[in-house]
Asks: 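First the structure, then my questions, so here it is.
Chain A is the first sequence line, chain B the second, and so forth, proteins listed ahead of strands; every chain is numbered from 1.
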There are 2 protein chains.
Amino acid sequence: MPKVSLEQVLEEHKLFSLLTQEEKQSIIENSTHLLYKKGETICKQGAFANHIIVITDGLAKTYLEGSNDKNLIIDILKPVNWIGLSSVYNETTYNFSAATIIDSSICLIEKQTFIDILSQNNEFANQIIGKLCRNSKHFFNKITSLGNKQLHGRFADALLYLSNKVAKNPVIELSITRKEIGELAGISTESAIRLLSELNHDGIIKLDGKVITILKENLLVKLSQIG
Amino acid sequence: MPKVSLEQVLEEHKLFSLLTQEEKQSIIENSTHLLYKKGETICKQGAFANHIIVITDGLAKTYLEGSNDKNLIIDILKPVNWIGLSSVYNETTYNFSAATIIDSSICLIEKQTFIDILSQNNEFANQIIGKLCRNSKHFFNKITSLGNKQLHGRFADALLYLSNKVAKNPVIELSITRKEIGELAGISTESAIRLLSELNHDGIIKLDGKVITILKENLLVKLSQIG
DNA sequence: AAAAAAAAATACAATTTTTCATATTTAATG
DNA sequence: CATTAAATATGAAAAATTGTATTTTTTTTT
């Protein structure tokens, strides 16, 4: 049983503030709200996309699976957030995978219910457009990072993302592995490990197990800019 | 003077088919329709985003500028298409640049006019959501290509994109340079040139100046999959 | 709590890709 | 139409990054 009820999430979170009571009721009737254990797959790239996903508790990642079993993490998502909104409207299959990083509560909403709401609630539709646009900005950052930066710049981007967008704190305490940091930066696990201890040694970050503290953000920003 | 009038474009193209006559009129009154010469900048990454852009004639590219003056091409756009839709809603500055590849006609619509239409025309808003979702799919492909493929896979992806999504023909006749192909694939110009003659030599493509013909698409797909 | 598995750490070898240098061809400009 | 600039082409050297191997540490499972 999820810690918080779906009813409560729908009432309290700004993600749903533009919905009418009927629309919220419709979501409750046409969705499941489940506990996922750490590491479980929420949705699988290539599988039929029948649901719109919301994370209501825990921590999750969306990622792209390469044919060479190298994954690339797109987003680390805290509650309450849509997971991979972009992939479900106008698409029959998920074009990404998602999995939990820690034990999490996940709400799966019937796709058609979501589409019906979009087609009748223009304010909500505009909110979703805004969300998709902000997503796009993140994609642009990602593409810039992967496409015209090398090791150090990419790695700095990943740390800055974790600190500024996910943890929202210089102390990154998310229980993510070095492997996942590598997959987020688009570099090998070994390189991620190497760079972590390098920056730790230089006093730019502080390492304490899985907890990473950013000490000199300005230098990371510099690294990101140099590329 | 653009070859085709904006009035005609608005009447005839499916991009605008969901707009009312008043909304079309509003666009006509709140936009400019201009001829751009080959190579001109349409919008500049970082500049204030006051317009929604439509290409009505010619050929254009959107690209991300790296700090090391390496560019990365996101899209090659034929008429009639939105240019960088994702960047203007909820954003104050363009997060990409766009430029013409050949002489082109460009329509610049006042941002507020566009937003007003979105807030009053739900069907149109839903069409835009669909467009943004399809854009996202393209971004995912791009990120996969850059993030977990190497030289050959990336290059194959670029050729397949040009053939299937832009030219919509095995014969790629777009007057784009080797440098631009490199920027589209995220590889150096020299590598792009080398791979072109390599594939030409192997009979997978045929080169004739700037015209590239794909002879064995299945092998390119294979290269793309291998990574 | 012990055993097994996964994650982290580090050095070195191997690979991939770019950059540099230079020549030739094609396109743009006055 | 001559001149300049840009684009194409190719080889060799240099740089960047990954992969392999091995050890230690941490986490998970029994």
Asks: Please report the distance, rounded to the nearest Å, between CG in A:L196 and C1' in C:dT10.
Replies: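 Rounding to the nearest Å, CG of A:L196 and C1' of C:dT10 are 14 Å apart.
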Asks: Please answer whether the main-chain N or O of A:G153 pairs with a side-chain N or O of A:S224 as donor and acceptor at a distance below 3.5 Å.
Replies: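 No: the side chain of A:S224 does not pair with the backbone of A:G153.
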Asks: Taking pairing as Watson-Crick or G-U wobble with both contacts under 3.5 Å, can you name the mate of D:dT30, or confirm there isn't one?
Replies: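 Per the H-bond distance test, C:dA1.
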Asks: Which one, D:dA16, D:dG11, C:dT17, comes nearest to the side chain of B:R194?
Replies: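 The answer is D:dG11.
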Asks: Base, sugar-phosphate, or nothing for B:I187, non-hydrogen atoms under 4.0 angstrom?
Replies: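 Contact class for B:I187: sugar-phosphate only.
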Asks: Under 4.0 Å from OP1 or OP2 of D:dT10: is there any side-chain N or O of B:S197 that close?
Replies: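 Checking D:dT10 against B:S197, a side-chain N or O does come within under 4.0 Å of OP1 or OP2.
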Asks: Check A:L184 against A:K142 and note the closest heavy-atom contact, atom names and distance.
Replies: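 Smallest heavy-atom distance, with atoms named: O-NZ, 2.8 Å.
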Asks: List the atom of A:P170, the atom of A:S163, and the distance in Å for their closest heavy-atom pair.
Replies: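 Looking at all heavy atoms of both residues, the closest pair is CA-OG, 3.8 Å.
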Asks: Is there any protein nitrogen or oxygen under 3.5 Å from a nitrogen or oxygen in nucleotides 22-30 of chain C, and what are the pairs?
Replies:
unit_1: C:dA28; atom_1: OP1; unit_2: B:K38; atom_2: NZ; d: 3.1

Asks: Any side-chain N or O of A:R178 less than 4.0 Å from the OP1 or OP2 oxygen of C:dA9?
Replies: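 Answer is yes, contact under 4.0 Å.
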Asks: Rounded to the nearest Å, what distance is computed from the CG atom of residue A:L195 to the C1' atom of nucleotide D:dT18?
Replies: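 Rounded to whole Å, this separation is 13 Å.
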Asks: Starting at the 5' end of DNA chain D, which residue's closest nucleotide do you reach first, A:R154 or B:K179?
Replies: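 That would be B:K179.
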Asks: Provide, to the nearest angstrom, the distance between the CD atom belonging to A:E183 and the P atom belonging to D:dT17.
Replies: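 Rounded to whole Å, this separation is 18 Å.
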Asks: Please report, rounded to the nearest Å, how far the C1' atom of D:dA9 is from the CD1 atom of B:I181.
Replies: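 About 14 Å, once rounded to whole Å.
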Asks: Expressed in angstrom and rounded to an integer, what is the separation of A:I102 atom CD1 from D:dT27 atom P?
Replies: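 The distance from CD1 of A:I102 to P of D:dT27 comes to 15 Å, rounded to the nearest Å.
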Asks: How many angstroms lie between atom CG of B:D75 and atom OH of B:Y63, to the nearest 0.5 angstrom?
Replies: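 Spacing of CG (B:D75) from OH (B:Y63) equals 14.0 Å.
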Asks: Rounded to whole Å, how long is the line connecting atom NE2 of A:H152 with atom C1' of D:dA16?
Replies: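 Taking NE2 of A:H152 and C1' of D:dA16, I get 9 Å after rounding.
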Asks: Take the protein atom CD of B:E190 and the nucleotide atom P of D:dT8, then report the distance between them rounded to whole Å.
Replies: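 About 12 Å, once rounded to whole Å.
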Asks: Rounding to a whole Å, what distance do you find between B:Q150:CD and D:dA16:C1'?
Replies: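 Distance, rounded to whole Å: 13 Å.
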Asks: Considering only C:dT16, C:dT10, D:dA16, which nucleotide approaches the side chain of A:I193 most closely?
Replies: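 That would be C:dT10.
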Asks: Assess the residue pair A:K210 and A:E173 against the criterion (salt bridge (charged side-chain N to carboxylate O under 4.0 Å, His left out)); give the C-alpha distance rounded to whole Å, side-chain angles, the decisive distance to 0.1 Å, and a yes or no.
Replies: CA-CA 7 Å; A:K210 289 216 187 331; A:E173 202 164 359; over 6 Å; no
Asks: So, the side chain of B:E12 versus the backbone of B:V9: is there a donor-acceptor pair under 3.5 Å, distance only?
Replies: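 Flag not set: sc B:E12 to bb B:V9 has no pair under 3.5 Å.
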Asks: How close do A:L220 and A:A156 get, counting heavy atoms only, and between which atoms?
Replies: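 Closest pair (atom of A:L220, atom of A:A156, distance): O-CB, 3.4 Å.
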Asks: So which nucleotide does C:dT24 pair with, by the Watson-Crick or G-U wobble rule with both distances under 3.5 Å?
Replies: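 Because both required distances fall under 3.5 Å, C:dT24 counts as paired with D:dA7.
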Asks: If you apply the rule ring-ring contact (aromatic ring centres under 6.0 Å, His included), what do you find for A:H138 with A:Y161, and how did you get there?
Replies: CA-CA 10 Å; A:H138 174 55; A:Y161 168 77; 5.0 Å; yes
Asks: Is A:S191 near enough to D:dT17 that one of its side-chain N or O atoms lies under 4.0 angstrom from OP1 or OP2?
Replies: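 For D:dT17, OP1/OP2 do not have a side-chain N/O of A:S191 under 4.0 Å.
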Asks: Given C:dT18, C:dA7, C:dT16, identify the nucleotide with an atom nearest to the side chain of B:L151.
Replies: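 The closest nucleotide is C:dT18.
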